[in-house]
Amino acid sequence: MEQLSAQVEHYKREIAGTIVANKDELENFRIKYLGTKGLVKSIMGEMKSVAVENKKAAGQLLNEFKLFTEAKYEELVSAAIGKPLNQGSELDLSLPGAVLPIGTRHPISIVQNKIINIFRSLGFSVAEGPEVEDDWHNFSALNLPENHPARDMQDTFYLNESPAWLLRTHTSSVQIREMQKGKFPLRIICPGRVYRNETISARAHCFFNQVEGLYIAEQVSFADLKQTLYFFVQEMFGEDIKVRFRPSYFPFTEPSAEMDISCLICGGTGCSVCKKTGWVEILGCGMVHPKVLENCGIDSDKYTGFAFGMGIERITMLNYQIKDLRLFSENDVRFLAQFKSAL
Ligand code: PHE
């Protein structure tokens, strides 16, 4: 009896001090102490050799040892829940997955989506077209015949294979494609990447993004154009924004204008961004030239329309006070991760 209780004491200490690091060790504990060939079972077998007068005490002792061991096992199991138990060979599919870092939208996309949403609310739909264009859609149809001096306004990348193919210099080419479809009224915006052969600097790049817009219907007027763009800048930059239109020249619009907004940085008092003028130019616009309508097979006596075009980089730079255009295409994650938006 003395021997038995010394043995039980010894195992109790061993069991009490056990910790398990993974599922395998937990299972090993169960097998070693509580399994069919485990220690509890085998020590119960000792009952046979206990003298009759001690049987009752021995039974109590061993029963208590069994309960003690089972309680310890329960404790180990519950401590293991919520802890990674798959450090061993077994994969535990019930564990929560590792959280992957989620990317952020590019600032150009954020601003582009915002612009699109504003014009969508006015009934414009999005039209897209190819980046590799033919000369006719990019220039000739837009009242820029060959050798027209205004072609120099946009330095062009031509494809080596054929000078008849080029990288579009503006998304006006998409407007031509849509006008040719002949369905009116036509109310579209054309977002997309465009290319110009310019030396790369903080203020210029050989590719950038535009949103151009076009509205063709009967009796569209310059007043409609102004009101549409005024609505746009108020939605984009807030109610306090001021605008002004300056006469300008584009071969595909007549009359043509450029629109300035009051400087977002200084509010119009003059700073380095607005070159002390209080105004920054954000887009070109005008009434679609009758020749452009005719080129697309549209009766210019019946239909009139307005068009406008803006650079998304420019607006993004103003919005976030970014001073260098090159940041947009360098893919520096430290720069890109700063822009969080639901758009
Ligand atoms: N296509 C012109 C550009 O890229 C912008 C523009 C569009 C101007 C429509 C007037 C009307 O510079």
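We count ligands from 1, going down the list as the structure has it; atoms in each ligand are counted the same way.
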inquiry  = Check the orientation of F232 and F119. Use parallel for under 30°, tilted for 30 to 60°, and perpendicular for over 60°.
reply    = parallel
request  = May I ask you to check whether Y73 and Y33 place their ring centres under 6.0 Å from each other?
outcome  = no
request  = Considering the heavy atoms of R196, write down every atom of ligand 1 situated less than 4.0 Å from one of them.
outcome  = 3 (C), 4 (O), 12 (O)
key: N/O separation below 3.5 Å, T169 to ligand 1   = no
message = Membership question, hydrophobic clusters at under 4.5 Å side-chain separation (ILVMFWY): are V111 and F207 in the same one?
response = no
query = Is the closest heavy-atom distance from M310 to ligand 1 below 4.0 Å?
reply = no
inquiry  = Any non-hydrogen side-chain atom of F231 less than 4.5 Å from a side-chain atom of S121?
reply    = yes
message = So if I count the atoms of ligand 1 from 1 in the order they appear, which ones are less than 4.0 Å from some heavy atom of T253?
response = 11 (C)
message = Could you tell me, atom by atom, which parts of ligand 1 come under 4.0 Å of a heavy atom of S172?
response = 1 (N)
request  = Kindly confirm or rule out a cation-pi arrangement of K12 over F65, judged by NZ or CZ under 6.0 Å from the six-membered ring centre and within 45° of its axis?
outcome  = no
ask   = Hey, which atoms in ligand 1 end up nearer than 4.0 Å to a heavy atom of C285?
value = 8 (C), 10 (C), 11 (C)
ask   = Of all the heavy atoms in R168, does at least one lie under 4.0 Å from an atom in ligand 1?
value = no
message = Can you confirm whether more than 12 heavy atoms, excluding those of F157, are under 6.0 Å from its CZ atom?
response = yes
inquiry  = At less than 4.0 angstrom from any non-hydrogen atom of F308, what atoms of ligand 1 do you find?
reply    = 7 (C), 9 (C), 11 (C)
inquiry  = Show the atoms of ligand 1 that are less than 4.0 angstrom away from any heavy atom in E212.
reply    = 1 (N), 2 (C), 3 (C), 4 (O), 5 (C), 7 (C)
ask   = By number and element, which atoms of ligand 1 are closer than 4.0 Å to a non-hydrogen atom of Q210?
value = 3 (C), 4 (O)
task = For F250, take its heavy atoms, then give the atoms of ligand 1 lying under 4.0 Å from any of them.
result = 8 (C), 10 (C)
Whether H106 and F328 hold their rings parallel, tilted or perpendicular, with breakpoints at 30° and 60° = tilted
message = Parallel, tilted or perpendicular, judged at 30° and 60°: which one describes the rings of F124 and F308?
response = perpendicular
